[in-house]
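All values below come from the heavy atoms of this structure, side chains included, with hydrogens, waters and symmetry mates left out.
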Amino acid sequence: MATGVNRKISAASARSHTRRANKSSSFHLPSGILRTTLAVLFIGFLAWAYQVTQPPPPNICGSPDGPPITAPRIKLRDGRYLAYKEHGVPKDEAKYKIVSVHGFTSCRHDAVVADTLSPDVVKDLGVYIVSFDRPGYGESDPDPNRTLKSIALDIEELADQLGLGSKFYVVGVSMGGQVVWNCLKHIPHRLAGAALLAPVINFWWPDLPANLAAEAYSQYKLRDRWAIRVAHYTPWLTYWWNTQKWFPICSAISRSPDILSKQDKELITKLLDDKDNHVVRQQGEYESVHRDLNIGFGSWEYTPLDIQNPFPNNEGSVHLWQGDEDIMVPVTLQRYIVQNLSWIHYHELPGSGHLFPHADGVSETVIKSLLGVN
């Protein structure tokens, strides 16, 4: 009778056998397929990233699916339309004619110097004020080719088409104050006087002391430091940054109360309501507020410190008003600018924030100082 062979296998041999079996059963993706897969995934990611950074086309007023046109408008040199609103006495009877330039996330309805002046003062002085929607805001067509100079030329053309005469006054609030700097730079010969109310400062303006700019910049909320950094260094990401949901966006766009001073919080009820805010951005956030950020905090070819006195013979005057508790615009940089431009009449308001023009009596003081009347 045959007998079986009893073979003993060591533990080491068993493990070695198991490892060989496992190794032989593993699957290898050919290197060519792996490279192709990674390339496809990378291209797909780039396509997705490009898509999310591109703003949608503007919703032009008067287009088939766009918002209606409710305001009077002029047609500009390049075919764009500019919407405006008139205040005060009829311009044919006016002694003083003023162009009001609105700020960030505002529109022609936010003409604070017109809205808060008493009717008696307007009539007694003979003041006519025209406010307008800056490009992309309200009912003014977007300007994809907007530059620092083009907005000043828009104002000049608005004045010409409305028949405001060879010279007129300009008053700009906040980001509108930056526009007034552009007027002083590019159309000084058309100005009878100018007032800048808490004009926004670009931290990258040439000739600003780096240490002073850095100190003022560090006082901003982190979310706002990132928002303006994106607008300056990577403007093509501004739309994505201010519409994404991962990080806090620009405080002014989101209307965060964190940037309001004590006085600002008391005055906030006088500002535009939600309905008006919708009108402000109805043609698209990119063409209004986002482009404003890119222009305001972009690379300027000049600095306000380069501007020469437009009234060397005192035939007019330039006034700059600033609250010393303004959280949005650093008072330290404002002081540096006016210290180097001795021809500017500087008015610093103790205890005031960014919204001080809405305080009782301020507009009357601003206008009377600008016009040189009592």
Inset, instruction - Examine distances only and state if a side-chain atom of Ser106 and a backbone atom of Phe104 form a donor-acceptor pair shorter than 3.5 Å. - result: yes

Inset, instruction - Applying side-chain contact (heavy atoms from CB on, under 4.5 Å), run through Ser150 and Arg77 and close with a yes or a no. - result: CA-CA 11 Å; Ser150 68; Arg77 60 201 174 277; 4.1 Å; yes

Legend entry - Min side-chain heavy-atom separation His347-Gln322 under 4.5 Å: no

Inset, instruction - Take the angle between the ring planes of Trp241 and Phe247 and call it parallel below 30°, perpendicular above 60°, tilted in between. - result: parallel

Inset, instruction - Using the salt bridge (charged side-chain N to carboxylate O under 4.0 Å, His left out) rule, take Asp160 and Arg190 through it: C-alpha gap first, then chi angles, then the decisive distance, then the call. - result: CA-CA 10 Å; Asp160 286 342; Arg190 299 301 307 275; 2.8 Å; yes

Legend entry - Approximate separation, where rounding is to 0.5 Å, of Tyr336 OH and Leu208 CG: 7.0 Å

Inset, instruction - Please examine the side chains of Leu293 and Asn242, heavy atoms only from C-beta on, and report whether any two atoms are closer than 4.5 Å. - result: yes

Inset, instruction - Output yes when a side-chain donor or acceptor of Gln178 lies under 3.5 Å from a complementary backbone atom of Val200, and no otherwise. - result: yes

Legend entry - Within 6.0 angstrom of Glu301 CD, more than 12 heavy atoms from elsewhere: yes

Inset, instruction - Please confirm whether the backbone N or O of Ala152 pairs with a side-chain atom of Asn182, one donor and one acceptor, at under 3.5 Å? - result: no

Inset, instruction - Could you tell me how the ring of Trp204 sits relative to the ring of Phe297: parallel (under 30°), tilted (30 to 60°) or perpendicular (over 60°)? - result: perpendicular

Legend entry - Spatial distance of atom CD1 (Ile151) from atom CG (Leu82) [nearest 0.5 Å]: 7.0 Å

Inset, instruction - Count the heavy atoms of every other residue, nucleotide or ligand shown that sit under 6.0 Å from NZ of Lys123, and state whether that count exceeds 12. - result: no

Legend entry - Closest non-hydrogen atom pair, Pro357 against Ser363: O-OG, 3.5 Å

Inset, instruction - Go through the steps for Glu156 and Cys183 under the test side-chain contact (heavy atoms from CB on, under 4.5 Å), then give the verdict. - result: CA-CA 9 Å; Glu156 182 178 35; Cys183 292; over 6 Å; no

Inset, instruction - For Tyr346, look at atom OH and say whether over 12 heavy atoms of other residues, nucleotides or ligands are found less than 6.0 Å away. - result: yes

Legend entry - Check ion pair Asp292-Arg134 (N to O, under 4.0 angstrom): yes

Inset, instruction - Could you tell me whether Asp133 and Arg108 make a salt bridge, using a distance below 4.0 angstrom between a side-chain N and a carboxylate O? - result: yes

Inset, instruction - Indicate the atoms forming the closest heavy-atom contact of Val318 with Pro310, along with that distance. - result: CG2-CG, 4.1 Å

Inset, instruction - Step by step, work out the side chain to side chain donor-acceptor pair (under 3.5 Å) result for Asp207 and Thr303. - result: CA-CA 7 Å; Asp207 297 334; Thr303 170; 5.2 Å; no

Inset, instruction - Kindly say whether Gly136 contributes a backbone atom to a donor-acceptor pair with the side chain of Ser140 at under 3.5 angstrom? - result: no

Inset, instruction - Give a yes or no on whether the backbone of Gly284 and the side-chain of Ser288 come within a donor-acceptor separation of less than 3.5 Å. - result: yes

Legend entry - Residues forming a ring-ring contact (aromatic ring centres under 6.0 Å, His included) with Phe203, sequence neighbours excluded: Tyr217, Tyr220

Inset, instruction - Please say whether the positively charged group of Arg223, taken as NZ for Lys or CZ for Arg, lies over the ring of Trp226, i.e. under 6.0 angstrom from the six-membered ring centre and within 45 degrees of the axis. - result: no

Inset, instruction - Determine yes or no for a side-chain-to-main-chain donor-acceptor pair under 3.5 angstrom, with Thr365 supplying the side chain and Gly361 the backbone. - result: yes

Legend entry - Gap between atom CG of Asn309 and atom OG of Ser342 - 0.5 Å precision: 7.5 Å

Inset, instruction - Please determine if Glu348 and Arg335 form a salt bridge, counting it only when a charged side-chain N lies under 4.0 Å from a carboxylate O. - result: yes

Inset, instruction - Check whether any side-chain N or O of Asn202 sits under 3.5 Å from a backbone N or O of Gly298 as a donor-acceptor pair, and report yes or no. - result: yes

Legend entry - Neighbour count >12 (heavy atoms, 6.0 Å) for atom NZ, Lys221: no

Legend entry - Worked check of side chain to side chain donor-acceptor pair (under 3.5 Å) between Ser100 and Ser131: CA-CA 5 Å; Ser100 174; Ser131 57; 5.6 Å; no

Inset, instruction - Tell me, please, whether Tyr169 has Lys97 positioned over its six-membered ring: NZ or CZ under 6.0 Å from the ring centre and within 45 degrees of its axis? - result: no

Legend entry - Residue pair Leu341 / Leu305: nearest heavy atoms and the distance that separates them: CD2-O, 4.0 Å

Inset, instruction - Report yes if the side chains of Leu162 and Tyr84 come closer than 4.5 Å at any heavy-atom pair, otherwise no. - result: yes

Inset, instruction - Output yes when Arg73 and Glu139 qualify as a salt bridge under the 4.0 Å nitrogen-oxygen rule, no when they do not. - result: no

Legend entry - pair Leu333-Trp205: side-chain heavy atoms closer than 4.5 Å: no

Inset, instruction - Please name the pair of heavy atoms, one in Asn59 and one in Gly66, separated by the smallest distance, quoted to 0.1 Å. - result: OD1-CA, 3.3 Å

Legend entry - N/O donor-acceptor pair under 3.5 Å between Asn313 side chain and Glu315 backbone: no

Legend entry - salt bridge (charged side-chain N to carboxylate O under 4.0 Å, His left out) partner of Asp154, chosen from Arg80, Arg146, Lys75: Arg80

Legend entry - For the student: nearest non-hydrogen atoms of Leu260 and Met328, plus distance: CD2-CE, 3.9 Å

Legend entry - Taking every non-hydrogen atom, the tightest pair across Glu285 and Arg281: OE2-NH1, 2.9 Å

Legend entry - Salt-bridge present (Lys262, Glu325; N to O < 4.0 Å): no

Legend entry - Minimum side-chain heavy-atom gap Thr116-Val362 below 4.5 Å: no

Inset, instruction - Given side-chain contact (heavy atoms from CB on, under 4.5 Å), test Ile249 with Thr243 step by step and report yes or no. - result: CA-CA 8 Å; Ile249 66 172; Thr243 55; over 6 Å; no

Inset, instruction - Give the C-alpha distance, both sets of side-chain angles, the deciding distance and a yes or no for side chain to side chain donor-acceptor pair (under 3.5 Å) between Ser174 and His354. - result: CA-CA 8 Å; Ser174 188; His354 196 67; 2.8 Å; yes

Legend entry - Contact check, side chains of Ile69 and Tyr81, non-hydrogen atoms, under 4.5 Å: no

Inset, instruction - For Ser118 and Val121, indicate whether the former's side chain and the latter's backbone hold a donor-acceptor pair under 3.5 Å. - result: yes

Legend entry - N/O donor-acceptor pair under 3.5 Å between Gln263 side chain and Ala359 backbone: no

Inset, instruction - List the steps and the verdict of side chain to side chain donor-acceptor pair (under 3.5 Å) for Ser251 and Asp258. - result: CA-CA 7 Å; Ser251 297; Asp258 293 341; 5.7 Å; no

Inset, instruction - Using side-chain contact (heavy atoms from CB on, under 4.5 Å) as the criterion, point out the one residue from Asp115, Val113, Val89, Val122 that pairs with Ile129. - result: Val113

Inset, instruction - Decide if the gap between the ring center of His87 and the ring center of Tyr128 is smaller than 6.0 angstrom. - result: no

Inset, instruction - Taking the side chain as every heavy atom from C-beta outward, state whether Pro142 and Pro58 have any pair of such atoms under 4.5 Å apart. - result: yes

Inset, instruction - Please examine the side chains of Leu158 and Leu76, heavy atoms only from C-beta on, and report whether any two atoms are closer than 4.5 Å. - result: no

Legend entry - Verdict with supporting geometry, Val171 and Val180, side-chain contact (heavy atoms from CB on, under 4.5 Å): CA-CA 7 Å; Val171 177; Val180 172; over 6 Å; no

Inset, instruction - Examine Tyr286 and Ile60 and state if one hydrophobic cluster contains both, with Ile, Leu, Val, Met, Phe, Trp and Tyr joined whenever side-chain heavy atoms are less than 4.5 Å apart. - result: no

